[in-house]
Amino acid sequence: MRSVLLATLVLTVATPALAADRPSKSTRDVQQMADTLNDPHVQRAMVGGLDTMLSALLDLRIDGVVKALEPLNGGHKIKMRGHTLRDVARGEDRDFESKMRGGTRMLVTGFGALTSALATAMPELEDAAKKMEEAVGDVERKLPKTR
């Protein structure tokens with residue numbers, strides 16, 4: 001009987017301590033997102049998708065935009081008929097698109113690294129949020145009651 005009581009007492013005291021070492025659901029969710037974003041297959045798919053979307057955007061003809069800007073140009077015609085956003089963005093830089101694709105890869109990789117860092121910081125962020133919530137509660141309790 002004593003061993004059952006002792007075991008119950010140990011479990012009662014140890015359970016909160018063990019639970020504190022387990023990551024919260026939000027920490028696990030962020031870690032899972034980080035794992036996904038750091039997966040090379042996912043990164044390749046994301047880079048491919050972003051490249052396709054950017055390419056479609058760069059193919060946008062700017063005739064309508066240029067026409068809308070002519071009044072701001074003193075009413076003078078702006079000679080860019082038939083140009084695309086790609087033409088304007090590229091300018092004289094013939095390596096523009098390869099640089100853009102490199103930037104897209106760095107962006108996707110950065111998302112993975114940022115999410116990993118966030119997952120690492122989540123316990124501290126959650127603890128800070130809890131302390132802030134408690135502090136707000138303390139302030140509210142100290143305020144005079146109003147109708």
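Here, residue 1 is the first one in the sequence, and each next residue gets the next number.
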Test log, rule side chain to side chain contact (heavy atoms under 4.5 Å, CB included), inputs Leu58 and Met100: CA-CA 11 Å; Leu58 289 172; Met100 181 189 71; 3.5 Å; yes

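Looking at Val30 and Thr115, their side chains come closer than 4.5 Å, going by heavy atoms from C-beta outward. Inter-residue side-chain proximity for Arg44 and Val47 is flagged as unmet; no heavy-atom pair is nearer than 4.5 Å. Side-chain contact between Leu50 and Met53 is present, with at least one heavy-atom pair separated by less than 4.5 Å. Here the side chains of Asp59 and Leu85 are not in contact, with every heavy-atom distance at 4.5 Å or above. Between Asn38 and Gln43 there is a side-chain heavy-atom pair separated by less than 4.5 Å. Within the 4.5 Å cutoff, side-chain heavy atoms of Lys77 are placed close to those of Lys67. Between Val88 and Ile62, the closest side-chain pair of non-hydrogen atoms falls below 4.5 Å. Side-chain contact check for Glu70 versus His76: every heavy-atom pair is 4.5 Å or farther apart.
To the nearest 0.5 Å, atoms OG (Ser55) and CG (Leu60) are separated by 12.0 Å. With rounding to the nearest 0.5 angstrom, the OG atom of Ser116 is 7.0 Å from the CG atom of Asp35. Arg94 CZ to Glu97 CD: the interatomic distance, rounded to the nearest 0.5 Å, is 10.5 Å. Distance check, rounded to the nearest 0.5 Å: CE of Met106 to NZ of Lys99 gives 12.0 Å.
For the pair Asp39 (side chain) and Thr36 (backbone), a donor-acceptor distance under 3.5 Å is absent.
When all heavy atoms of Arg61 and Gly82 are compared, the pair lying nearest together is NH2-CA, 3.5 Å.
Among residues at least two apart or in separate chains, salt bridge (charged side-chain N to carboxylate O under 4.0 Å, His left out) pairs with a member in residues 118-131 are Asp127-Lys131.
With 3.5 Å as the limit, one finds no donor-acceptor pair spanning the side chains of Ser98 and Asp95. For the residue pair Thr27 / Ser24, a side-chain donor-acceptor distance below 3.5 Å is found, with atom types taken as modelled.
For the side-chain contact (heavy atoms from CB on, under 4.5 Å) with Met46, the qualifying choice from Thr104, Leu107, Val108, Asp51 is Val108, the only one to do so.
A salt bridge links Asp29 to Lys25: one of the charged nitrogens lies within less than 4.0 Å of a carboxylate oxygen.
By the rule that hydrophobic residues join a cluster once side-chain heavy atoms approach within less than 4.5 Å of another member, Leu72 and Val65 end up as members of one cluster.
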